[in-house]
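Report on the structure given below.
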Amino acid sequence: MSTNTMNTGSQVTDGRVKAMVVTAFFAAITFLGIQSFRIPLPAAIGTPFVHFGHIFVVMGVLLQGGKRGAVSGTFGLIIFDILNGYLQDVPQVFIETVVKCLIVGAIFMILKKKAQGDKKKEYGYAIICAVIYGCMNIVIELVMGTIRMMILGSGFAAAVAGSVASIPATVINAVFMIIAIAVLYQPVKSIYRRVA
């Protein structure tokens, strides 16, 4: 076996290990972003609260790509749910996080290619993708809240009304996340490039 082949194999292994460490880091900060900062809000459905979690989910998608972002975001959110008594929410969180991350990751990849290295365009596209993620989150929560209330016996109109009454926390989280991405994307991206 030549030295070149051994070096290439070592570089591939190092790259995989580094990618796993970065993905685990994003999962950890997603968990900590919810665990360490929560402001509960009143709602007709569930127990919504304002938190930092989605900021790190979206940042993970923008920096790592949709697949790895889906892994880190899903793990971070699910670990929080399991450790904090929201076990019943795990299937929904798993499915919706994977779907949102893969869609937003694919859109950002297409837009990033379109930017052709223009940092201002890429920054604008990152914010657009954060808005898309936030809007998807609002729509999914509205639909799932309505379905949950209908399963519990509410009529359609009452279920929609209850779900709409619970949406402010999701809207606040979405707006908060978009602002945070607008502020943090460029500095975090430069740190990520040096480390990863």
Side-chain angles (χ1 to χ4, degrees), residues 19 21-41 43 48-81 93 96-145 164 166-196:
V21 169
V22 170
T23 301
F25 172 77
F26 272 103
I29 62 171
T30 298
F31 165 75
L32 291 173
I34 308 172
Q35 187 68 33
S36 61
F37 177 82
R38 282 181 282 175
I39 302 172
L41 295 172
F49 43 84
V50 177
H51 60 83
F52 286 164
H54 291 295
I55 296 167
F56 300 115
V57 172
V58 174
M59 194 67 76
V61 169
L62 296 175
L63 297 176
Q64 301 177 98
K67 290 178 186 174
R68 284 179 44 214
V71 171
S72 63
T74 302
F75 270 109
L77 295 175
I78 286 177
I79 290 168
F80 170 81
D81 284 345
V93 169
E96 71 181 49
T97 305
V98 168
V99 169
K100 288 183 294 191
C101 290
L102 291 176
I103 290 171
V104 170
I107 292 169
F108 188 61
M109 192 168 65
I110 291 165
L111 293 175
K112 198 171 173 183
K113 283 181 185 174
K114 188 178 173 185
Q116 297 178 339
D118 185 329
K119 289 182 181 180
K120 285 184 180 177
K121 283 184 180 178
E122 183 182 323
Y123 172 72
Y125 292 148
I127 295 171
I128 287 169
C129 286
V131 170
I132 292 168
Y133 182 96
C135 290
M136 287 174 66
N137 209 30
I138 292 166
V139 170
I140 289 170
E141 288 297 320
L142 188 62
V143 170
M144 294 308 290
V164 168
S166 301
I167 282 297
T170 306
V171 173
I172 291 167
N173 275 325
V175 170
F176 188 53
M177 179 266 302
I178 293 162
I179 292 167
I181 293 296
V183 171
L184 297 173
Y185 179 71
Q186 296 288 35
V188 172
K189 182 183 136 191
S190 64
I191 293 167
Y192 178 81
R193 279 188 172 167
R194 274 178 290 184
V195 173

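Small disclaimer: the values here were computed from a predicted structure and weren't measured.
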Legend entry - Minimum side-chain heavy-atom gap Ile181-Tyr133 below 4.5 Å: no

Inset, instruction - Determine the minimum heavy-atom distance between Ile138 and Ala174, stating which atoms define it. - result: CD1-CB, 4.1 Å

Inset, instruction - Start with the C-alpha gap between Leu142 and Val164, add the side-chain angles, then the distance that decides, and say whether side-chain contact (heavy atoms from CB on, under 4.5 Å) holds. - result: CA-CA 6 Å; Leu142 188 62; Val164 168; 3.6 Å; yes

Legend entry - Point-to-point distance, once rounded to the nearest 0.5 Å, from CD1 of Ile172 to CD1 of Ile167: 11.0 Å

Legend entry - Residue pairs fulfilling side-chain hydrogen bond (donor to acceptor under 3.5 Å, both in side chains) with at least one residue in residues 103-114, sequence neighbours excluded: none

Inset, instruction - Tell me, yes or no, whether the heavy-atom count around Lys67 atom NZ, taken from other residues, nucleotides or ligands under 6.0 Å, exceeds 12. - result: no

Inset, instruction - Flag the pair Tyr192 / Val22 as yes when at least one side-chain heavy-atom distance between them is below 4.5 Å, and no otherwise. - result: yes

Inset, instruction - Starting at CG of Leu184, measure out to CE of Met59 and round the result to the nearest 0.5 Å. - result: 5.0 Å

Inset, instruction - State, yes or no, whether a side-chain contact exists between Ile107 and Ile132 at a heavy-atom distance under 4.5 Å. - result: yes

Inset, instruction - Could you tell me which residues satisfy side-chain hydrogen bond (donor to acceptor under 3.5 Å, both in side chains) with Tyr185, sequence neighbours excluded, listed by chain and number? - result: Glu122

Legend entry - Gap separating the CD1 atom of Ile78 from the OG1 atom of Thr30, nearest 0.5 angstrom: 11.5 Å

Inset, instruction - Tell me, please, which residues at least two apart from Ser72 pass side-chain hydrogen bond (donor to acceptor under 3.5 Å, both in side chains). - result: Gln64

Inset, instruction - Would you check, one step at a time, whether the test side-chain contact (heavy atoms from CB on, under 4.5 Å) holds for Cys129 with Leu62? - result: CA-CA 8 Å; Cys129 286; Leu62 296 175; 4.0 Å; yes

Legend entry - Closest approach of Gly69 to Cys101 (non-hydrogen atoms, all atoms of both residues): O-SG, 3.9 Å

Inset, instruction - Taking side-chain hydrogen bond (donor to acceptor under 3.5 Å, both in side chains) as the test, write out the residues that go with Gln186, two or more places apart. - result: none

Legend entry - Closest non-hydrogen atom pair between Gly53 and Ile34, with its separation: CA-CG1, 3.5 Å

Inset, instruction - State the CD1-CG distance between Ile178 and Asn173, to the nearest 0.5 angstrom. - result: 11.0 Å

Legend entry - Any side-chain heavy-atom pair of Val104 and Met136 under 4.5 Å: yes

Legend entry - Greater than 12 external heavy atoms within 6.0 Å of Phe31's CZ: yes

Legend entry - ring-ring contact (aromatic ring centres under 6.0 Å, His included) against Phe80, all qualifying residues, sequence neighbours excluded: Phe49, Tyr86

Legend entry - ring-ring contact (aromatic ring centres under 6.0 Å, His included) involving Phe26 - partner list, sequence neighbours excluded: none

Inset, instruction - Can you see which heavy atom on Ile55 is nearest to which on Ala180, and at what distance? - result: CD1-CB, 3.5 Å

Inset, instruction - Could you tell me the separation between the OG1 atom of Thr97 and the CZ atom of Phe75, rounded to the nearest 0.5 Å? - result: 12.0 Å

Legend entry - Whether His54 and His51 hold their rings parallel, tilted or perpendicular, with breakpoints at 30° and 60°: tilted

Legend entry - Check against ring-ring contact (aromatic ring centres under 6.0 Å, His included), Phe176 and Phe52: CA-CA 8 Å; Phe176 188 53; Phe52 286 164; 5.3 Å; yes

Inset, instruction - Heavy atoms only: give me the nearest Pro187-Ser190 pair and the separation to one decimal. - result: O-OG, 2.8 Å

Inset, instruction - Quick one: closest heavy-atom pair of Ala115 and Tyr125, and the distance? - result: CB-CE1, 3.9 Å

Inset, instruction - Would you mind reporting whether Leu111 and Lys121 have side-chain heavy atoms less than 4.5 Å apart? - result: no

Inset, instruction - Apply side-chain contact (heavy atoms from CB on, under 4.5 Å) to Glu96 and Asn137, showing your working. - result: CA-CA 8 Å; Glu96 71 181 49; Asn137 209 30; 3.8 Å; yes

